[in-house]
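Since the structure is predicted, the reported quantities are computational estimates derived from the model, not experimental observations. Just so it is clear: chains get the letters A, B, ... in the order the sequence lines come, proteins before strands, and each one is counted from 1.
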Amino acid sequence: MSNAHQFKLKLQVNGKQVSQHVAPDTSLIELLRLDLGLTGTNQGCDTAQCGACTVLVDGQAIKSCNVLALQMQGRVVTTIDGLNLAPTGTEHLTTQATQATQTAHDANEAPTLHIMQQAFIDQGALQCGYCTSGMIMRAVAMVHERVAIDEHAVALALGGNLCRCTGYHNIVQAVMQGLTILRASQHLRGIINTDRLDHTNGLEGELDVSGIHSTHDEHDEKHKTIKTNQGSL
Amino acid sequence: MSQVTHYLRPSTVQAACEALQANPNAKLVAGGQSLLPTLRLGLALFDEIIDLQGLTGPQSAWAEPVAKGAQSATFLNQIKRNIQAHTLTIGAMATHAQIHASAAVQSFCPMLTQLAGGIGDQQVRNMGTIGGSIVNHDPAACWPAGLLACGGVVNIASATQTRHADVDDFFTGLFSTALEPDEMVVSVTLNKPLTATYLKFDQPASRFALVGLAVAQHAHHFRVAITGLGHGAIRWHEAEDALTQATHITHVTLAHALKTLHLDPERASGDLHASAVYRVHIAKVLCERAVQKLF
């Protein structure tokens, strides 16, 4: 082990190998924000209550203020900063999203957004924005969970994320939009396979393939509406 | 400034136990979901962290570790059902999310699935473990009630021996267990109830149980366990006896058996959320509702 009570940590963050010496009581969010400069993840309560610091570890949402950086040895971490980058532990979640978003936008327009990020914009799902990165990371993890696309189920699944502006209505709508598109596109590509569904029975019933086209149309239309509104402001 | 100066990530239970024996001031960290807030708030004092994440197998809520080959036998997050013995063994490092998603747990006792899915929020369930929860024995934690209702043993290791503590003897009071300072929990082995349910009256801000109550019907007796009363999880023997002695198992006769029961408020404690009298009242109501739900 090294000097000054620092210990070696190797992990993958947003597709990059990271090798760093950290103190035993350094939390993951401190590593991400202070050592790696990834400030998209916000520090809220720092005691695992608000969810603003939510990131993905091996595709699962966790609160980065409430795990030690050293506990993440060898794990694959994705933050909001790298949501649309590949390869990551959530490549299967994001590649299609990036492509879809790219076609929906001017190809020269950078940076591209993840489908869930776009859904939050479309639905006006943020006020002060402090909770947003955590909300979006939590929502992205829901794609593979037994979360039905209805208001009650989504609100329940967002239970670990607080919005102090209390803008939950639009957040829930945004998550539903994002989940609908992400699940449909993955189903088309055969990414959601039956092996994985063994332990998450019920997911099949939520995939509505017939509604994909209308969903995309709706998505585009809403997007246009928002743009129009912004233009008139 | 922090007082934590040492860190160890053992890859075997034996190595973890030896490290614990060598430094009585060391703290085992499983998921860390209870420990980290206490560390952050300055409520915990220790100089060494023994990180147990190295003892787990594949980390995913939907990929249950499969016992194929000798190597995987060392994983501390395995869930194994013994059909002959009617028992289920859950590794101490199994996360709440993993247990909630486990087909083996669901087929063994759906009450455990439901209980695991109601702990904290998804982010906490993805990290927090059953071993960490029972060792911490927060007076409002759900797992102790679930374990007491099923009955079974807690499998414990130290550097020199392994032993099995009956769950009835394991939870000794508020934040205390029968675990010795040099011991760690390896797994829990639970008995299969005929039927069981867990009802939780949420404290809405923290999602801990203001009161939680589990009723389990076994072949020859009932077990009733309550968490959230304030002194740690307990069994409610009066209710167990009343249910066991009821002549017919229908919700009418069982509810009648519970009518005259008294749960002494001395067994609870009050805080800013609820008084002791209110807590025992809620426990009694939950018990009646649980019986109605089951029969």
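Looking only at distances, no side-chain donor or acceptor of B/N126 sits under 3.5 Å from a matching main-chain atom of A/I62. Of the possible donor and acceptor atoms, one in the side chain of B/Q33 sits under 3.5 Å from a partner among the backbone N and O of A/N66.
B/E48 contributes atom CD, which lies 12.0 Å from atom NE2 of A/H5 (distance to the nearest 0.5 angstrom). Atoms CG and CD, on B/D51 and A/Q71 in that order, are 5.0 Å from each other to the nearest 0.5 Å.
When all heavy atoms are compared, the tightest approach of A/F7 to B/Y7 is CZ-N, 3.5 Å. Residues A/P24 and B/V4 approach most closely at CB-CG1, 3.6 Å, considering heavy atoms. Considering every non-hydrogen atom in both A/K63 and B/D121, the closest pair reads NZ-OD2, 2.7 Å.
Enclosure of atom NE2 in B/H6 is not indicated, since only 12 or fewer non-hydrogen atoms of other residues, nucleotides or ligands lie within 6.0 angstrom. For B/R40, the CZ atom sits in a packed shell: over 12 heavy atoms of surrounding residues, nucleotides or ligands are nearer than 6.0 Å.
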Q | Verdict with supporting geometry, B/Q123 and A/N161, side-chain hydrogen bond (donor to acceptor under 3.5 Å, both in side chains) | A | CA-CA 9 Å; B/Q123 290 98 312; A/N161 294 69; 2.7 Å; yes
Q. Can you list the steps and then say if A/Q73 with B/Q53 is a side chain to side chain contact (heavy atoms under 4.5 Å, CB included)?
A. CA-CA 8 Å; A/Q73 192 80 251; B/Q53 291 292 326; over 6 Å; no
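Within residues 32-41 of chain A, no residue has any heavy atom under 4.5 Å from a heavy atom of chain B.
Heavy-atom distances place no part of A/Q49 under 4.5 Å from chain B, backbone and side chain included. The contact between B/L41 and chain A is made entirely by side chain atoms (from C-beta outward), counting heavy-atom distances below 4.5 Å. When heavy atoms are compared at a cutoff of 4.5 Å, A/L68 approaches chain B by way of both its backbone and its side chain.
By the salt bridge (Lys or Arg N to Asp or Glu O under 4.0 Å) test, B/R207 is found to be paired with no residue, residues two or more places apart in sequence or in another chain being considered.
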